[in-house]
Amino acid sequence: MNEFIAPTVEYAELSPLLIVLGAAVVGVTLEAFLPRRGRHRIQVVFTLVALVAALLATGWVAAGLDEVEGASGRGLIAAEGAIAVDGPSVFMWGVLLVFSIISVMLFAERRIEGGVSAFAGQAAALPGTEAEREASRQGIEHTEVFPLVLFAIGGMLLFPASNDLLTMFIALEVLSLPLYLLCGLARRRRLISQEAAMKYFLLGAFSSAFFVYGIALVYGYAGSFTLADIHAAVDNNTGSTNLLLAGMGLIAVGLLFKVSAAPFHAWTPDVYQGAPTPVTGFMAACTKLAAFGALLRVFYVAFGGAQWDWRPMIWVVAALTMAIGAVVALTQSDIKRMLAYSSIAHAGFLLVGFAGAYGGDGITSLQSVLFYLAAYGFSTIGAFAVVMLVRDPGGEATHLSRWAGLGKTSPLVAGVFAFFMLAFAGIPLTSGFTSKWTVFSAAWAGGAWPLVLLAVGMSAVAAYFYVRVIVLMFFSDPVVDGPTVSVPSLFTSSALVVAVVATVVLGILPGPVLDLAQQAGAFVR
Amino acid sequence: MIVFWVLAPIMVVAALGMVMVRKAVHSALLLAVVMICLAVLYAVQNAPFLFAVQIIVYTGAILMLFLFVLMLVGVDSSDSLVETIKGQRLAASVVAVLFGVMIAIFVAQTSVGVIVGLQGANEQGNVTGIAYLLFGRYVFAFEVSAALLITAALGAMVLAHQERLTPRVSQRQLAEQRMRDYSDSGKHLGPLPTPGVYARHNAVDTPALLPDGTPSTLSLSRSLQARGNVRAARVGDVESTVEQMKGVDD
Amino acid sequence: MDATPFLTLSALLFTIGAVGVLVRRNAIVVFMCVELMLNATNLALVTFARVHGQLDGQVAAFFVMVVAAAEVVVGLAIIVSIFRARRSISVDDASLLKY
Amino acid sequence: MTEVLPADGVFGLSWLLVAVPAISAVVLLVGGRRTDRWGHLLGTAAPAFAFVLGVVLFVALLGRGEQERRVGQQLWTWFEVGGLRADFGLLLDPLSALFVLLITGVGSLIHVYSIGYMAHDARRRRFFGYLNLFIAAMLMLVLADNYLALFLGWEGVGLASYLLIGFWQHKNSAAVAAKKAFVVNRVGDMGMVLAIMLMFATFGSVTFEGVAAGIEDASGATQTALGLLLLLGACGKSAQVPLQSWLLDAMEGPTPVSALIHAATMVTAGVYLVVRSGFVYETTEVASTAVVLVGLVTLVVGAIIGCAKDDIKKVLAGSTMSQIGYMMLAAGLGPAGYAFAIFHLITHGFFKANLFLGAGSVMHSMHDDVDMRVYGGLSRLMPVTFVTFAMGYLAIIGFPGFAGFWSKDKVIEAAFADNIWIGIATILAAGVTAFYMTRLMLMTFLGDKRWKSDVHPHESPATMTIPLVVLAVASVLGGVLILGGWIGHFLEPSVGPEEHHDLPIPVLALTAIVTLTVAVGVFIAWRTYGTKEVPVTAPRGSVLTRAARADLYGDALNEAVLMRPGQWTTRWLVWFDNRGLDGGVNGLAALIGGTSGQVRRAQTGYVRSYALAMLGGALLVVVSLLAVTLA
């Protein structure tokens, strides 16, 4: 170690990541130099272009992945061991970028709020003051949300691809910090938006303290942060098992918090309700995906050898998560809150898949979870996009009673929403059915049949509250001076179209995407 | 090891104190104590670089930021220590004790094996060694942490910086405006009258008396008026004072 | 120098920090308690670095500090903006969202 | 079972059976108001086309050798991951061909009928859209060559049924009924889902062929579990005890829906499933016995409910349950009963659709009043409805020569051969059927007018009466299918050869006993309702003659011995139906709802409580990890 050897960074393979993070930095610079007029338009176009470029780069990277000697996966370990560019990573990158593009289109929506975006015109101005009204009047808005969301996306791309715990921790923070900020930037109902930001922030910081303490303990056990080294240490059974178990547990706490699994779910309803709706959709789809990717990677790659130690824990958490999500959703009266609990329930179903078989002939839990995440993301972004559209003079009409009879006043929008509800409920010919199907069969094949029984029961319970919404929309009388459905701009409409089409296609012809998930193969160490 | 046994009790006491004291500022200062002791423990454990960073970054910058914000929100703000959420404190202590005991016994007390020591790793100097790792093995994480710092700066700007939306009014414009008001509506040019400052009322809540003896509403702050905290200053007050003073003279 | 006392101290500080998060109402103090937890982590990292004879642990501690710095900025910005709107930094007062 | 051959020639078109109604449904539902003017015509043309195609395919099937009558068509691979593969394939064999004819035939007639029935409804076009959706899903169900695609149709018909029950959204009762149907069906669907999971896990295949090939070698527990899970699914869809409660409420839907979905087709899907899965039930005694028991219990419960109701549609619904009980029972008897189950299913499809449409016609003229106590004497004003309804009536009670006579008799024979007590129960139920159907007939069409003042009954328009006539003819002649044992022979490629059974008494004697029992039922009904005032008010004593007094005595005895225990049983059963089983479902729902309310309170809004939960969770996670190791 006498001479410093310059590190090698595989720029080509890491290009999606570098494009997104680079674009974020450029976006910040644009913020400083562009005149206010037109800044919104330029930022939107720039962000979308960057994301599309990253998506293309991902496709190119995916095409060039090589088989790894003596392993079932394809890919390589890049950036001095910091990042694993393997099949699952690339698959998640692709899906994440697609979701991000849709979400950014929702971020860009300005028509439904009368020419301004869903974000606060001036976050520093006090709610209800002259300064705030002035900002609204002049059409001033925070275009900083676009660089912020790019940073978050960058963190999400890095999170499930990290090959060592330290990088993973940094990625976790890179994705979390912008989200904390974005949550507090709602234009309407600023107080609850700020409250959501604070709750998310305090609990997020609390959970990342657990996460990093777990990393410290695992480091103490294995003497390395690299997942492969930890795997080797687990296999050779060096060091004290207690350190490993406690470390593993605390790392799980941090990750389960992000996927909003019970009992670490408590932030989800509050934050989902308070955050601006485009951000909620973005979090529900993308954060969940990134966090599940990281969870799978850590537990399969690093702790795969100790799976009989952690599997029961996942069983308990999965059961608890499904039960709490599905049961508590029954009595919710706010549509965003109900969707939040539904997202908790879906996290439970995903954990059921996670409890399944990793290897073997059948569908592996990795593939099933990847597919589920892809399918769920489209429907959930779509559902939140619909929530954005149903408005009354006070902003979004999120109270369920306001949605009564929506099917009569706006059949199209209500129909689209009902379709997403059916997808969440897992009715065949929607992506929800196929994806539930794959995770449950993976779990069954892995011997987790009691969990599958519970999961099927809980999806029946869940179906009830999804149907309740449909009944409310179509079979009850419209409320007096009820909400109206705003006509969105091309951004939201195309995002909705993509979401609907994806939900249909993944239900009828899931083959290609399942193939992709399958070709993603295993993680590379 | 002596250093440890001296500092450890101080740190634990300071940490407990931080949780228990009522004033937030005291908490911050106690946290500073823990952090400085921690820095010393780093030094003891062959981590001179971290020692410096802990003092400069943590104690010097981060903690100062805390103090700064505390001042912003009111430095003497103190918590009531009465628990309002039912059962929270009991449950918190039970769970925390269990958690602490479990971590301490199962994790910290298990033997960690042979202690290698940092003599080998620090051969070229601690800072050089860290630099090799930081710019070699962990270079990507290092680069990505830039994103964190940019986000932080951007976030602080977004949440705290209020942009001026209307052009600033200059002194000259203000003066001109006053003159215009005077000519249009006869609004008084000069400053508002000050509140009554008399022998017995030198308070802002007492209106000034106009030459004709009537109180001037303009002389009182509007918020005081709104709250109803206005004391009466009657003409008689002044006269009786004058009378008293006369008596003294005689 | 044995490692066990250091680790025990670290566990203790971590737990005290966690308790602080649970019992304090002042958002800034709550956040300081989180910082205490991160500091406890750093102590563990530095100790383990000595146990394993590598500098990786120290590098990790350095990263934790960087992260903490960024987190503090964001967190305090959020807390200040809430304070300005509500004139209160009690975490219990921010409870409009529930059930 | 014979081998499945790839589809060629005209069989290559079988996918159109599903596709045409589906496309029509999409056009009608997406097309919006633009399609209002011609929507009902398109909606009727689609099933009519499917019927014609079905006939062509049926004839083509008859034209082939017996060993070549199972035709499969692979459409696409639904998904394939690892060892798990699900193809989207169709299977046209004698069993599904008969179903196709029933569904599209009865379906087309009901579409025609609906043109008239729904003429004044502003949302008629949407109604036809839903009906077409139902037809497509139902055809998917019976044409699927694997359980997964079958499940797709299964859910599809559930969805359509849900939409149609709640079609009159302005009625709150309709929305409630729709929800109830949905939830109860989900319970059954859980059984299906788990059964399919089990198939995947055990056989790695969900096709009928694959499961049939592997079932012999599976463990006994698997066989039984599979049988019971499928039965649970069948119970939900076919409204069999213990999942029967939704069917009565489902009568809130428009009458054509009750006729098509809740009488002729969808509710028989459970019977189809059991017959189709015969290879499973043949390996497991426990599950097949369970099927017989479920059928038997439902058969009795349904018949008794039929006696207790005054709502004309609910009487028919109870009767539907009861008749499906017959089919289920027959299906549970194994190869001895499959063909008879299907035979009864088809004849029942004819006469029950006929009865429901007749009831609809009556309601149509009575301003949608369903209470039979305010009918009476309609036979002269509505001659076509009366005559066609009478055909259906004679068919369902099993009047010699009518369709129901042949099919019910066969089921009773099979039951008798299996177990004499089951046989006796089926005969008694036939008597009860005769009783309540006669009661319905008398209260509706004969006797005095008891109409409300503003009602002016009239015959229905031709679009409604023509289907009635066609179905009445089918109800009379449906028995021809059994001539020479044709149906059993025809179904052989699908369900295996019919087993012959020996009866303890001559067949003719049994038939005579059944006919006699039916006659007794009719007689009792006539004595109770045909000779007296119908309304609830007690008979007036002043005009009683001596002979009538003797009658009264007879009645009193009748009442003491037969009626009163009968009424008690009825009341108790109805109570149990409302409180016990429904109560069970409702209680569970309330329990979950209550838990929900409780758990919801834990979300206090305080960050510190959340943090406490997280610390507790962290403790839980770490302890569970350590516990596993230490254990």
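Chain letters run A, B, ... following the sequence lines, proteins first, then strands; residues in each count from 1.
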If you take all heavy atoms of [X] and [Y], which pair is closest and at what distance?
{"X": "C:Ala85", "Y": "A:Gln194", "value": "CB-OE1, 3.4 Å"}
{"X": "A:Tyr213", "Y": "C:Ala44", "value": "CE1-CB, 4.2 Å"}
{"X": "C:Ala70", "Y": "A:Leu177", "value": "CB-CD1, 3.8 Å"}
{"X": "C:Asp56", "Y": "A:Phe225", "value": "O-CE1, 3.5 Å"}

With rounding to the nearest 0.5 angstrom, report the CG to CG distance, A:Leu191 to C:Leu97. 10.0 Å
Approximate separation, where rounding is to 0.5 Å, of A:Lys199 NZ and C:Ser95 OG: 6.0 Å
Identify which part of [X] has an atom lying under 4.5 Å from any heavy atom of chain C, answering side chain, backbone, both or neither.
{"X": "A:Arg190", "value": "neither"}
{"X": "A:Phe201", "value": "side chain"}
{"X": "A:Ala266", "value": "neither"}
{"X": "A:Leu217", "value": "both"}
{"X": "A:Phe210", "value": "both"}
{"X": "A:Ile192", "value": "both"}

Angle between ring planes, C:Phe48 versus A:Tyr219, binned at 30° and 60°: parallel, tilted or perpendicular? perpendicular
